[in-house]
Each structure stands twice: as C-alpha cells, then as structure tokens.
Amino acid sequence: MAREDIFARLGNLLAQMRWMNRFQLIFDFLMFYGAWQVFFGAQPAMMFGVAMSRTNAGVVTMLFALISWSFSGIRGNYRRQGRALISHLKGMRLSDEETAVVRQFK
C-alpha cells in the first residue's frame with residue numbers, strides 16, 4: 001500500500017471518528033436528560049414534551065445509553081483500523097504533519 005493511500009485513509013478515518021464523537025455527544029446529552037427526568041422529574045416523567053411513566057422513560061434512557069455505547073464501539077473499531085494502517089509505516093521517515101496524524105490514533 002502506498003504512503004499516500006495510507007494517509008488518505010487515515011484522514012478519512014479521522015473525519016469519521018469526529019462525526020462519531022459528535023453523534024455520541026448528542027446521545028450522551030439525551031441520556032443524561034432522560035436520567036434527570038426519571039430520577040428528579042415529577043410523575044409522570046416529561047420527556048420531549050410527552051408525558052410517560054417512569055418505567056417507559058427509563059427504557060428510553062437505556063436505549064439512548066445503548067446507542068451511545070454503540071458509537072463508542074464504532075470509534076474503537078476506527079482506531080484499531082488506523083493502528084493497523086500505521087503498522088505499515090514502520091521504518092519510514094515521517095514529516096511533522098504525518099506524525100501529528102499518527103499521534104491521533106494512539
């Protein structure tokens with residue numbers, strides 16, 4: 001695999017990881033919002049303008065947590081793919097920009 005191809009793929013993986021970070025941040029916020037409504041809200045719990053029982057609100061919160069956990073796993077897979085690509089660069093002299101890209105996967 002050519003050096004340019006490796007760094008093009010690493011750049012693509014970094015962009016995908018940034019998007020996964022953003023999506024995970026959204027679902028983390030929704031999870032904390034749901035937990036706040038379940039534990040500290042009135043009965044029935046109001047989530048997103050909808051009145052629901054605490055049990056249903058808890059299930060919705062758990063689903064948000066599961067989605068967030070899934071995004072974390074996806075990001076971990078991207079990181080592993082990046083490390084596998086970086087292993088092809090052993091022994092090569094890297095520029096400062098390339099070194100910065102490699103550091104983001106460690």
Side-chain angles (χ1 to χ4, degrees):
M1 185 174 253
R3 180 184 191 137
E4 294 81 20
D5 295 335
I6 291 172
F7 280 102
R9 182 65 184 138
L10 287 174
N12 188 16
L13 282 173
L14 284 174
Q16 291 174 347
M17 285 172 59
R18 281 188 207 107
W19 276 107
M20 285 295 123
N21 259 348
R22 291 175 186 137
F23 287 137
Q24 186 176 7
L25 182 64
I26 291 168
F27 280 98
D28 284 345
F29 173 76
L30 292 173
M31 179 182 59
F32 287 120
Y33 169 76
W36 184 267
Q37 292 299 322
V38 169
F39 294 121
F40 300 113
Q43 180 69 15
M46 289 293 292
M47 287 185 64
F48 312 111
V50 176
M52 59 179 75
S53 69
R54 285 185 188 257
T55 304
N56 288 346
V59 169
V60 170
T61 302
M62 290 303 294
L63 289 174
F64 288 147
L66 182 65
I67 292 169
S68 177
W69 182 66
S70 298
F71 282 141
S72 182
I74 291 169
R75 277 192 9 242
N77 286 337
Y78 286 157
R79 189 167 281 117
R80 275 195 280 306
Q81 286 177 1
R83 287 181 185 150
L85 286 171
I86 290 169
S87 69
H88 294 291
L89 297 173
K90 293 211 180 207
M92 293 185 188
R93 185 173 293 257
L94 302 176
S95 69
D96 292 335
E97 293 174 8
E98 293 171 340
T99 304
V101 170
V102 169
R103 279 189 197 141
Q104 292 182 14
F105 284 95
K106 293 193 179 197

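Model, not experiment: these values are computed from the prediction.
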Heavy-atom count around Glu97 CD within 6.0 Å, excluding the residue itself: above 12? no
Shortest non-hydrogen separation from Ser87 to Ala84 and the atoms involved: OG-O, 2.5 Å
Could you walk me through whether Arg18 and Asn21 satisfy the side chain to side chain donor-acceptor pair (under 3.5 Å) test, starting with their C-alpha distance in whole Å, then the side-chain angles of each, then the deciding distance to 0.1 Å, before giving a yes or no? CA-CA 5 Å; Arg18 281 188 207 107; Asn21 259 348; over 6 Å; no
Given side chains that start at C-beta, do those of Leu14 and Tyr78 come closer than 4.5 Å, heavy atoms only? no
Hey, could you give me the CZ/CD1 distance between Arg79 and Ile74, rounded to the nearest 0.5 Å? 13.5 Å
For residues Met47 and Thr61, determine if any side-chain heavy atom of one lies less than 4.5 Å from a side-chain heavy atom of the other. yes
Carefully, step by step, assess Arg3 and Ile6 under the rule side chain to side chain contact (heavy atoms under 4.5 Å, CB included). CA-CA 5 Å; Arg3 180 184 191 137; Ile6 291 172; 5.7 Å; no
Tell me, do Ser53 and Asn56 make a side-chain contact under 4.5 Å, heavy atoms counted? yes
Enter the distance from Met17:CE to Leu10:CG here, rounded to the nearest 0.5 Å. 10.5 Å
Of all heavy-atom pairs linking Leu85 and Arg9, the shortest is CD1-CG, 3.2 Å
Would you sort out whether Phe71 and Leu25 count as a side chain to side chain contact (heavy atoms under 4.5 Å, CB included), showing the intermediate values? CA-CA 10 Å; Phe71 282 141; Leu25 182 64; over 6 Å; no
Test ring-ring contact (aromatic ring centres under 6.0 Å, His included), reference Tyr33, set Phe48, Phe40, Phe27, Phe39, output is Phe48
Is it true that Val38 and Trp36 fall in one hydrophobic cluster, defined by side-chain heavy atoms closer than 4.5 Å? yes
Step through the shown structure and confirm whether more than 12 heavy atoms of other residues, nucleotides or ligands are within 6.0 Å of CZ on Arg22. yes
Under a 3.5 Å distance rule, please check whether Arg54 uses its side chain to pair with a backbone N or O of Gly41 as donor and acceptor. yes
How about Trp69 and Gln24: do any of their side-chain heavy atoms sit closer than 4.5 Å? no
Is the closest side-chain heavy-atom distance between Phe64 and Ile26 below 4.5 Å? no
Would you please name every residue forming a side chain to side chain donor-acceptor pair (under 3.5 Å) with Gln37, sequence neighbours left out? none
Separation between CD of Gln16 and CZ of Arg75, rounded to the nearest 0.5 Å: 13.0 Å
Report yes or no: do Ile86 and Leu94 belong to one cluster of Ile/Leu/Val/Met/Phe/Trp/Tyr joined by side chain heavy-atom distances under 4.5 Å? yes
Test side chain to side chain contact (heavy atoms under 4.5 Å, CB included) applied to Phe105 and Leu13, step by step: CA-CA 10 Å; Phe105 284 95; Leu13 282 173; 3.9 Å; yes
After noting the C-alpha distance and the side-chain angles of Asp28 and Phe23, does the key distance pass the side chain to side chain contact (heavy atoms under 4.5 Å, CB included) rule? CA-CA 9 Å; Asp28 284 345; Phe23 287 137; over 6 Å; no
Is there a chain of hydrophobic side chains (I, L, V, M, F, W, Y, each step under 4.5 Å between heavy atoms) that links Phe32 to Met46? no
